[in-house]
Amino acid sequence: MATKNTVLSLYRRSLKLALDWAVHRHLWRGQALYIRSLFEANRNVSEPRQQRRIIQETEELLQKWKHPDPYRAPTAPGGSKYERNVPAPIIDPPPHMTL
């Protein structure tokens, strides 16, 4: 079960990494199909030693191809519009004092 979750995580991270390099979806789609074919080619590997080796190689590839400036949604933390028009804090007026 842990191997399945690891492979799912690697697949998802691979797709996100490909999207960092090709922001346009029509360019990214071809890369996504290629990544899927690579994962499908190793789908029936059942020996744990081979699985660990393949997972390790994939981790190394992800580190090698890591984008220096990954894509962030503009409104996400670190994005260009993050907290741009934050509403003013609601401050209650001071209580009325009669002298």
Side-chain angles (χ1 to χ4, degrees):
M1 187 58 122
T3 304
K4 180 180 178 182
N5 290 337
T6 304
V7 171
L8 288 174
S9 172
L10 283 173
Y11 180 65
R12 188 164 191 238
R13 290 186 344 208
S14 299
L15 291 178
K16 285 185 177 186
L17 181 64
L19 191 57
D20 286 343
W21 287 100
V23 179
H24 300 290
R25 292 287 175 154
H26 66 278
L27 299 175
W28 173 80
R29 181 67 180 146
Q31 294 174 354
L33 292 173
Y34 176 69
I35 290 170
R36 179 64 185 229
S37 71
L38 293 176
F39 275 83
E40 287 290 329
N42 294 312
R43 183 179 196 160
N44 296 325
V45 175
S46 59
E47 187 179 332
R49 193 173 297 162
Q50 280 185 323
Q51 288 176 345
R52 284 193 300 269
R53 183 183 55 80
I54 292 170
I55 289 171
Q56 183 63 32
E57 289 174 1
T58 307
E59 289 279 357
E60 290 171 3
L61 277 175
L62 288 178
Q63 284 299 323
K64 179 183 173 185
W65 287 98
K66 190 173 185 179
H67 197 281
D69 187 22
Y71 177 77
R72 289 186 180 90
T75 55
S80 60
K81 290 174 64 176
Y82 182 65
E83 292 187 347
R84 182 174 284 179
N85 293 318
V86 179
I90 299 174
I91 301 175
D92 294 332
H96 182 67
M97 296 178 61
T98 56
L99 298 174

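The model shown is predicted, which means the values in this text are computed figures rather than measured ones.
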When you measure from the side chain of Trp28 to the backbone of Trp21, do you find a donor-acceptor pair of N or O atoms at a distance under 3.5 Å? no

Please determine whether side-chain contact (heavy atoms from CB on, under 4.5 Å) holds for the pair Tyr11 and Arg36, giving the CA-CA distance in whole Å, both sets of side-chain angles, and the decisive distance to 0.1 Å. CA-CA 8 Å; Tyr11 180 65; Arg36 179 64 185 229; 3.5 Å; yes

Gap separating the CG atom of Leu27 from the CG atom of Leu19, nearest 0.5 angstrom: 10.5 Å

Say you draw a straight line from CD1 of Ile35 to OG1 of Thr58; how long is it, rounded to the nearest 0.5 Å? 10.5 Å

Given the rule that I, L, V, M, F, W and Y join up when any side-chain heavy atoms are under 4.5 Å apart, are Leu17 and Leu38 in one cluster? no

By side-chain hydrogen bond (donor to acceptor under 3.5 Å, both in side chains) - contacts of Arg53 (at least two apart): Glu57

Is it true that Trp65 and Leu10 fall in one hydrophobic cluster, defined by side-chain heavy atoms closer than 4.5 Å? yes

Where is the tightest heavy-atom contact between Arg72 and Gly79, given as atom of each residue plus distance? CD-N, 4.4 Å

Are Glu47 and Arg52 ion-paired here, with the side-chain N under 4.0 Å from a carboxylate O? no

Connected via hydrophobic side-chain network under 4.5 Å: Ile55 and Val45: no

Determine whether a donor-acceptor pair (N or O, by modelled atom type, separation under 3.5 Å) exists between the side chain of His67 and the backbone of Asp69. yes

Please round to the nearest 0.5 Å and tell me the distance separating atom OG1 of Thr3 and atom CD of Gln51. 5.0 Å

Is there a path from Ile54 to Phe39 through hydrophobic residues (I, L, V, M, F, W, Y) whose side chains come within less than 4.5 Å of each other? no

Determine, step by step, whether Lys16 and Arg13 satisfy the side-chain contact (heavy atoms from CB on, under 4.5 Å) criterion, reporting the C-alpha distance in whole Å, the side-chain angles of both residues, the deciding distance to 0.1 Å, and the verdict. CA-CA 5 Å; Lys16 285 185 177 186; Arg13 290 186 344 208; 5.6 Å; no

In Å, rounded to the nearest 0.5 Å, how long is the span from CD of Gln31 to OG of Ser14? 11.5 Å

Can you confirm whether Arg25 sits close enough to Arg29 that some side-chain heavy atom of one is under 4.5 Å from a side-chain heavy atom of the other? no

